[in-house]
Amino acid sequence: MTTAVLSIRGVGKRFGAVTALRDVNLEVRPGEIVALVGDNGAGKSTLMNIICGSSPADEGSVTVEGSSLDSLDAAKRLGVGVVYQDLALAPHLDLAENMFLGNEIRRGPMRVLDRSRMRVEAEGAIQKLGITTLKDVRLPVARLSGGQRQVLAVARAMNWARNLILLDEPTAALGPKQVGIVLDAIRTAAAQGLGVILVSHDIPKVLKLADRVVVLRHGTIAADRPPAGMTVSEVMSLMVGEDE
Ligand SMILES: Nc1ncnc2c1ncn2[C@@H]1O[C@H](COP(=O)(O)OP(=O)(O)O)[C@@H](O)[C@H]1O
Ligand SMILES: [Mg+2]
């Protein structure tokens, strides 16, 4: 069996009197697409925030390839790419500059932005993911459609991710065609060996896309299994707890 790229062991998290997560254990292997589903308040965002390093666990351990993932710096160093729900794009900057936001390429003694190199590399990264909807990397993001912005945020995360990519509702506000583009990009990333964790409320889509479905309920894992043979209503029951 392949070694896990991400290992979560005995993770717990409290907010005051609220136990958001309790004894969560989860492994993701390279190339695996894991869907994280659960009712509102189940702890999905809390778990994603722990895995992206923005809010460390109170107990337990999170490791990527054996190294502890306990801060945003560690997440960056360990090659964890994140697509945030609000996308975190800069509308006045162009596509290429957004691809390199926080990782800008500079040149010369004055360390000026190397826009032409960022454009060439951004084009390469977009091509590598098989994305054809982003044609001109010099276009300001303000000129893109909602779907194109979503695709760009996914492409950026995939470009920087070396081990793992996290997506929170990546297709929530999209039309069918753009959904297809985002899902294809996710499949491409997995095929290139990244582990993928995807939070989604779209259970039919999850059952088609994921290699494993992980159901969170009141902060604990209620199910962790391959989607083969699972029905939408079965997943819903696992989410709310009318077993089984
Ligand atoms: N920053 C916070 N402060 C206090 N309580 C929080 C905070 N974040 C999450 N919670 C609580 O933790 C539980 C899990 O929340 P969350 O992870 O956002 O669930 P989900 O994303 O599955 O809807 C909820 O009871 C929520 O109210
Ligand atoms: Mg949430």
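For the numbers below, each heavy atom of this structure counts, side chains included, while hydrogens, waters and symmetry mates do not.
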Checklist line | Residue pair L183, K208: steps toward the side-chain contact (heavy atoms from CB on, under 4.5 Å) verdict | finding: CA-CA 10 Å; L183 296 187; K208 273 191 214 143; over 6 Å; no
Next item on the list: Look at atom CZ of R106 and say whether more than 12 heavy atoms of other residues, nucleotides or ligands are closer to it than 6.0 Å.
Entry: yes
Checklist line | Check: L95 main-chain N/O paired with R119 side-chain donor or acceptor under 3.5 Å | finding: no
Check: Does the side chain of V196 come within less than 4.5 Å of D211's, by heavy atoms?
Finding: no
Check: So, do V154 and V151 sit near enough that their side-chain heavy atoms are less than 4.5 Å apart?
Finding: no
Note to self: Ignoring hydrogens, what is the shortest heavy-atom contact between M239 and G38? Give both atom names and the distance.
What the structure shows: CE-C, 3.7 Å
Notebook entry, point to check: Checking salt bridge (charged side-chain N to carboxylate O under 4.0 Å, His left out) for the pair K76/D73: CA distance, chi angles, key distance, verdict?
Noted result: CA-CA 5 Å; K76 194 169 173 181; D73 278 350; over 6 Å; no
Check: Quick one: are E27 and R9 in side-chain contact, heavy atoms under 4.5 Å?
Finding: yes
Notebook entry, point to check: Is the shortest side-chain N to carboxylate O distance from E65 to R162 below 4.0 Å?
Noted result: no
Check: For the side chain of N49 and the backbone of S55, is there at least one donor-acceptor N/O pair under 3.5 Å apart?
Finding: no
Next item on the list: Considering non-hydrogen atoms only, spot the tightest contact between V37 and S200 and give its length.
Entry: CG1-O, 3.5 Å
Margin query: Could you see if V18 belongs to whatever hydrophobic cluster contains L21? Use Ile, Leu, Val, Met, Phe, Trp, Tyr and a side-chain cutoff under 4.5 Å.
Written below: no
Notebook entry, point to check: For A90 and V141, which heavy atoms make the closest approach, and how far apart are they?
Noted result: O-CB, 3.9 Å
Next item on the list: Over all heavy atoms of both residues, which pair between S61 and V11 is shortest? Give the atoms and the distance, please.
Entry: O-CG2, 3.8 Å
Check: Which heavy-atom pair separates F100 from E121 by the least distance, and what is that distance?
Finding: CZ-CB, 3.6 Å
Note to self: Taking the side chain as everything from C-beta on, heavy atoms only, tell me whether R111 gets closer than 4.5 Å to E104.
What the structure shows: no
Next item on the list: Report the distance from atom CG of L69 to atom CG of L78, rounding to the nearest 0.5 Å.
Entry: 5.5 Å
Item checked: Test item: Q148 side-chain N/O and T133 main-chain N/O as donor-acceptor pair under 3.5 Å -> yes
Checklist line | Approximate separation, where rounding is to 0.5 Å, of D136 CG and D94 CG | finding: 8.5 Å
Check: Looking at CD1 of I165 and CD1 of I197, how far apart are the two atoms once the value is rounded to the nearest 0.5 Å?
Finding: 11.0 Å
Notebook entry, point to check: Any side-chain heavy atom of L238 sitting closer than 4.5 Å to one from M230?
Noted result: yes
Check: Would you say N25's side chain and G10's backbone share a donor-acceptor pair under 3.5 angstrom?
Finding: yes
Note to self: With a 4.5 Å cut-off on side-chain heavy atoms, are K44 and H201 touching?
What the structure shows: yes
Margin query: Is the shortest side-chain heavy-atom distance between V206 and V235 below 4.5 Å?
Written below: no
Notebook entry, point to check: Can W160 be reached from L101 by stepping across I, L, V, M, F, W or Y side chains whose heavy atoms are under 4.5 Å apart?
Noted result: no
Next item on the list: Might you point out which heavy atoms bring A35 and A210 nearest each other, and give the distance in Å?
Entry: CB-CB, 3.7 Å
Checklist line | Value rounded to 0.5 Å, distance of NZ in K13 from OG1 in T19 | finding: 12.0 Å
Margin query: Exactly one of V34, N163, V62 should register a side-chain contact (heavy atoms from CB on, under 4.5 Å) with L6. Which one does?
Written below: V62
Notebook entry, point to check: Counting N and O atoms only, with roles assigned by atom type, does the side chain of E32 sit under 3.5 Å from a partner on the main chain of P30, one being a donor and the other an acceptor?
Noted result: no
Notebook entry, point to check: Ignoring hydrogens and geometry, is there a side-chain-to-backbone donor-acceptor pair from N98 to L93 under 3.5 Å?
Noted result: yes
Next item on the list: Please report the C-alpha distance between D39 and R217 in whole Å, then the side-chain angles of each, then the deciding distance to 0.1 Å, and finally whether the side-chain contact (heavy atoms from CB on, under 4.5 Å) criterion is met.
Entry: CA-CA 7 Å; D39 217 346; R217 185 167 77 221; over 6 Å; no
Next item on the list: Verify side-chain contact (heavy atoms from CB on, under 4.5 Å) between R156 and L89, making sure each step is shown before the conclusion.
Entry: CA-CA 10 Å; R156 178 176 63 186; L89 298 171; 3.8 Å; yes
Item checked: Inter-residue atom distance Q192.CD - K128.NZ, 0.5 Å rounding -> 5.0 Å
Next item on the list: Let me see the working for Q150 and V83 under side-chain contact (heavy atoms from CB on, under 4.5 Å), right down to the final yes or no.
Entry: CA-CA 9 Å; Q150 184 76 46; V83 180; 4.1 Å; yes
Note to self: Using 0.5 Å steps for rounding, measure from the NZ atom of K205 to the CG atom of L198.
What the structure shows: 11.0 Å
Check: With side chains defined as the heavy atoms from C-beta onward, is the minimum distance between E59 and D23 less than 4.5 Å?
Finding: no
Notebook entry, point to check: Is there a donor-acceptor contact under 3.5 Å from the side chain of E123 to the main chain of V120?
Noted result: no
